[in-house]
Amino acid sequence: MRKALPIMFQGTHSDAGKSVIATAFCRIFARNGWKTAPFKSQNMSLNSYVTLDGKEIGRAQGVQAEAAGVVATTHMNPILIKPSRDQEAQIVVHGKPYENMKASDYRSEFFHTGLQLIQQSLDMLMKQYDRLVIEGAGSPAEVNLNDRELVNMRVARMANAPVVLVGDIERGGVFASLVGTLQLLEEQDRKRVIGVIINKFRGDLSLLQPGLRWFEQYTGVKVLGVVPYTHVRIDAEDSVALSRYATKKDDGKAIDVAVIQYPRISNFTDIDPFFAEPDCSVRFVSDASLLGEPDILILPGSKNTIEDVCFLKETGLFSAIRRLYERTDVTIVGICGGYQMLGERIQDPFHVETPLDEIDGLSLLPMETTLAREKTTVLCEGILTFKGETFHVEGYEIHMGRSSVKRGEPLIFMEGKTDGCKTKDERVIGTYMHDLFHNDAFRHYLLNDVRRKKHVLFPIERPFYRRLRNEAFDELADCVEKHVDVRTIERKMIEFQRGRYGDA
């Protein structure tokens, strides 16, 4: 009783651009009038997304649902793996924590359960939608893992989906990686690959043409398109993308925004709106020597707050942050795990994160946190008060801690509760609300406060981030439609379902 036509995008490695290409096709199909859903059977990411019913999925699938103009559900990402320690991760099933497992135990004990969950979600989506855009993970050529993989060719076979292989030319060796991947696939899976897309191309396309012709002759697989490198900003799926971010200040921009990058950083997409601000230099800092004297310092979320506090202490960042507050006029903002770090103490009586019972925080906010077994995942909104002004803000919460404010004023007043807190001088603020900076009025006011202190001009045009984000979906779709043979892909999708290819 399936009605959806599926297409699957796999990559030669992580961060090849699968998520971005899948997002583009979600938008392309939706603009053509097809009810479209994204799907990723198993996502390993610390960037997550909260659905309307308060469930947690990978952020990429939430963003892809937005691009398709549909409401995100947990069927679009039934299994989310959130690494918490070396070789250990929290397994989230249909948006709720299932169990903390080691990698070996996950492979040996969870495989059949996962397979059943994936099949159920696939069946549900295939009945409800016209088009299904499926995303793989890593590489389908991981021969040491393929006997129990749950996210690449096994899913393509389950959905009877044609596969497009995505390669990243910016890293170099794109033809070797594409050819090598194809050669390592089993024959039945290799037949499923209808073509490749070369992603992130810069330069003169005519110089690439001999390589494209050679590839098609050597492999018999069609090059479906060469997508140019684009500055269209789509939410990053995981921390692999952090390697592309700056670590030094852009001296051509007036405002210096520093973001602490600890090993278990999560939901760092909270910072994305600052990239749209014309006079903001955004840099990620993991070494005390690079901290400098930023105008705004942000401590983002963390999947393991205690271990990341240990990281701050080991690297000298812990002391450097405290000195920064004492000696400069910096504004410090902590979100979720970063908020917990700003408090006086983090307690872990149930050893949710580590064997440690507790650890001292930065003591910049008058509060303590106790980690709990149950996770809070909820959309939220309220009234934020800052420097005498009030702002309606909305976002989402994902955390396993409960913070108790000893004294001082809450940051956000919500229906029936408060959230966060701030110092009397309002130079340090903390909250559990992710997407805080996506609220344009508050972000504009925060930056204007810095501009006033630094006596710099206000920009004439101010970015409205949610509108820019929606426009980015169309810009991305336009780019991919221009450079990729979408008609051939759609024709192959139909042929697969008619049983002319694959194992249908």
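- Residues Val92 and Thr74 fail the side-chain proximity criterion, which asks for heavy atoms closer than 4.5 Å.
- Salt bridge Asp279/Arg451: present, at least one basic N to carboxylate O contact under 4.0 Å.
- Contact of the Leu150 side chain with the Val155 side chain is not registered, since no non-hydrogen atoms from C-beta on lie closer than 4.5 Å.
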Output side-chain donor-acceptor pairs under 3.5 Å for residues 294-304, partner residues at least two apart or in another chain, one line each.
| from | atom 1 | to | atom 2 | distance (Å) |
| --- | --- | --- | --- | --- |
| Asp295 | OD1 | Lys454 | NZ | 3.4 |
| Asp295 | OD2 | Asp256 | N | 2.8 |
| Asp295 | OD2 | Lys454 | NZ | 3.1 |
| Ser302 | OG | Asn304 | N | 3.1 |
| Ser302 | OG | Asn304 | O | 3.1 |
| Ser302 | OG | Thr305 | N | 3.3 |
| Ser302 | OG | Asp308 | OD2 | 2.6 |
| Asn304 | OD1 | Glu307 | N | 3.0 |
| Asn304 | ND2 | Ser84 | O | 3.1 |
| Asn304 | ND2 | Glu353 | O | 3.4 |

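- A salt bridge links Glu187 with Lys191: the distance from a Lys NZ or Arg NE/NH1/NH2 to an Asp or Glu carboxylate oxygen falls below 4.0 Å.
- Residue pairs meeting the salt bridge (Lys or Arg N to Asp or Glu O under 4.0 Å) criterion with at least one partner in residues 457-466, sequence neighbours excluded, are Glu277-Arg462.
- Pairing each heavy atom of Val151 with each of Met8, the nearest pair is O-CE, 3.1 Å.
- Remark: Lys200 fails to qualify as a cation-pi partner of Tyr229 under the 6.0 Å distance and 45° angle criteria applied to the six-membered ring.
- In this structure, Lys253 and Ile255 have side chains that are not in contact, with every pair of non-hydrogen atoms separated by 4.5 Å or more.
- Within a 6.0 Å radius of CD in Gln120, more than 12 heavy atoms belonging to other residues, nucleotides or ligands are found.
- In the displayed structure, Lys96 atom NZ is contacted under 6.0 Å by more than 12 heavy atoms of other residues, nucleotides or ligands.
- Applying the salt bridge (Lys or Arg N to Asp or Glu O under 4.0 Å) definition to pairs two or more places apart or across chains, those involving residues 65-83 are Glu56-Lys82, Glu66-Arg469.
- Counting only N and O atoms by type, the side chains of Asn43 and Gln61 include a donor and acceptor under 3.5 Å apart.
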Worked verdict on Gln64 versus Lys40 for side-chain hydrogen bond (donor to acceptor under 3.5 Å, both in side chains)
CA-CA 11 Å; Gln64 288 162 4; Lys40 187 164 186 173; over 6 Å; no
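- Between Asp435 and Arg59, at least one side-chain N (NZ, or NE/NH1/NH2) sits under 4.0 Å from a carboxylate O, which counts as a salt bridge.
- For the residue pair Gln10 and Ala156, the shortest heavy atom distance occurs at NE2-CB, 4.2 Å.
- Put simply, the side chain of Leu436 does not reach to within 4.5 Å of the side chain of Asp270, judged on heavy atoms.
- In summary, Glu135 and Lys18 do not engage in a salt bridge, as defined by a charged side-chain N under 4.0 Å from a carboxylate O.
- Applying the salt bridge (Lys or Arg N to Asp or Glu O under 4.0 Å) criterion to Glu481, with sequence neighbours excluded, gives Arg31.
- Put simply, the residue from Phe274, Phe437, Phe464, Phe458 that forms a ring pair (Phe, Tyr, Trp, His ring centres under 6.0 Å) with His444 is Phe464.
- Minimum heavy-atom separation, Pro463 to Pro278: CD-CD, 4.3 Å.
- Sequence neighbours left out, the pairs with a member in residues 140-149 that pass salt bridge (Lys or Arg N to Asp or Glu O under 4.0 Å) are Arg107-Asp147.
- Residues Tyr49 and Ala72 approach most closely at CE2-CB, 3.9 Å, considering heavy atoms.
- Applying the side-chain hydrogen bond (donor to acceptor under 3.5 Å, both in side chains) rule to pairs touching residues 202-213 yields Glu170-Arg202, Asp204-Ser206, sequence neighbours excluded.
- Gln128 and Lys3 are not linked by any side-chain donor-acceptor pair at a separation below 3.5 angstrom, with hydrogens and angles left out of the test.
- Side-chain polar atoms of His434 and Asn267 form no donor-acceptor pair below 3.5 angstrom.
- Atom CD of Glu471 has more than 12 heavy atoms from other residues, nucleotides or ligands within 6.0 Å.
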In sequence, state the C-alpha distance, the side-chain angles, and the governing distance for Phe175 and Tyr218, and then conclude on ring pair (Phe, Tyr, Trp, His ring centres under 6.0 Å).
CA-CA 11 Å; Phe175 292 117; Tyr218 185 81; over 10 Å; no
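- Listed here is the closest heavy atom pair of Val166 and Gly17: CG1-C, 4.4 Å.
- For Met101, the CE atom counts as densely surrounded, since its 6.0 Å shell holds more than 12 non-hydrogen atoms of other residues, nucleotides or ligands.
- Judged by distance alone, with hydrogens and angles left aside, the side-chain atoms of Arg190 form a donor-acceptor pair with the main-chain N or O of Leu185 at under 3.5 Å.
- Taking the side chain as every heavy atom from C-beta outward, Val163 and Phe9 never approach each other to under 4.5 Å.
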